[in-house]
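Structure first, then comments.
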Amino acid sequence: MTTSLKVASIGVLAISLAACGSTGSKQAASDNKGTEQTQTASSNYPDKTISLIAPSGAGGGWDMTARTIAKVLSETKLVEKPITVENKPGGGGAVFMAEYATKDVKDDYKLFVNSPPILINNLKKDGNSPFGYKDTTPLAQLTKDYGAIAVPANSKYNDLKSLLDDLKADPTKLTVAGGSAPGSMDHLVSILPAFKYGIDPKKIKYVSYDGGGEAMTALLGGNADVLGTDASSLDQYLKAGKIKVLAVAAPERLGGSMKDVPTMKEQGIDAEFMIWRGIFGPKEMTDDAKKFWDDALKKMVDTDEWKKEVEANNWQTEYKNADDFKAYLEQQETQVKDMLTALGMQK
């Protein structure tokens, strides 16, 4: 089963006013004055601090993405107001979504980053969230990343196949960690190669943590044997010699610190898992705010500052504007549902 997840959506309405007749001209003048005031007001957005939420603990892919967006937008002056990054962990993003989709539906100053879990959490059977991307305003897809399997540097495993052979002999022998709840993204990344290798994914001992940072701490602290996560979040640990990355779920080898890591397909496991990352606003976001972010994010991905950060984090830019992002999410909803069904995890 090959899974490729990407995304995109949303447009902005233009308002035109007209009037005629002698009495109507007074009305027209009044209407035009109102339009000018609206335009003046719209140009003031944003006029205060913006919160950008990473719905996980520090150190994972969402956290890195949020902090990179905030850094580049500030450095390039594309957003002149302060941007604060907040971590709100819990349930692989589900806890944050429950609050956001009910209490922040009109807050143009609170945005968040997400990835396939916004679909997965809403569609999975166990521990699912009643809220998904339809309870937000998708603003842009920014990057793509790929799933990866890692072990501690002192692990006896040096390749994916030897790990899977041991799991096949006894699926409970090893503890597999991930930074999201059972049935969500890290879990799927972790068990997909095993599933493709003929191992019952329901028998694998998977332990979830609130974010990739906590899952990595468990791996390095000896509380887990294997970690399934996004490749980019492993970069600093690989460079520091703390882990070995056994495989990436990409169609071809990645660059940078991952250049020598073989793909799952190279090792005979027909599995891919592409992880898009995007930014979202509240469901009832104003047109002025949507237009601002559509323009700002489009400009951001073309800056040298953004390109430098993308390369440093082993990401790949894959920009989709609001309209395209939303349309892709609609398609992915069906694909994710099919994947969960194949794994017996559908709602």
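Predicted model, so just to flag it, every value in this text is computed and none were measured.
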request  = Name all residues meeting the salt bridge (Lys or Arg N to Asp or Glu O under 4.0 Å) criterion together with K205; count only those two or more places apart in sequence or in a different chain, and write none if there are none.
outcome  = none
key: Stepwise salt bridge (Lys or Arg N to Asp or Glu O under 4.0 Å) check, K239 with D235   = CA-CA 6 Å; K239 287 178 178 176; D235 181 67; 3.2 Å; yes
request  = Please say which of I69, L142, D145 ends up in a side-chain contact (heavy atoms from CB on, under 4.5 Å) with R277.
outcome  = D145
ask   = Should D295 and K291 be marked as a salt bridge (Lys or Arg N to Asp or Glu O under 4.0 Å) after you check the CA-CA gap, both sets of side-chain angles, and the distance that decides it?
value = CA-CA 6 Å; D295 292 343; K291 184 179 188 310; 2.9 Å; yes
remark   = Sorted by chain and residue number, the ring pair (Phe, Tyr, Trp, His ring centres under 6.0 Å) partners of Y109 (sequence neighbours excluded) come out as Y45
inquiry  = Can you see whether Y197 has K168 sitting over its ring - NZ or CZ less than 6.0 Å from the centre and within 45° of the normal?
reply    = yes
request  = Would you sort out whether D302 and K298 count as a salt bridge (Lys or Arg N to Asp or Glu O under 4.0 Å), showing the intermediate values?
outcome  = CA-CA 7 Å; D302 288 329; K298 182 178 181 181; over 6 Å; no
query = Would I120 and I191 show up in the same hydrophobic cluster when neighbours are defined by side-chain heavy atoms closer than 4.5 Å?
reply = yes
request  = Before giving the answer on salt bridge (Lys or Arg N to Asp or Glu O under 4.0 Å), spell out for K202 and D200 the whole-Å C-alpha distance, their side-chain angles and the decisive distance to 0.1 Å.
outcome  = CA-CA 5 Å; K202 294 187 286 295; D200 183 352; 3.6 Å; yes
message = Tell me the closest heavy-atom pair linking P89 and G57, and the distance in Å.
response = CB-N, 3.6 Å
query = Are D108 and T286 linked by a side-chain donor-acceptor pair shorter than 3.5 Å?
reply = yes
ring-ring contact (aromatic ring centres under 6.0 Å, His included) pairs, two or more places apart, involving residues 74-107 = F96-Y100, F96-F112, Y100-F112
message = Between E305 and K71, does any side-chain N to carboxylate O distance fall below 4.0 Å?
response = no
request  = Identify which one of S232, S115, P117 satisfies the side-chain contact (heavy atoms from CB on, under 4.5 Å) criterion when paired with I275.
outcome  = S115
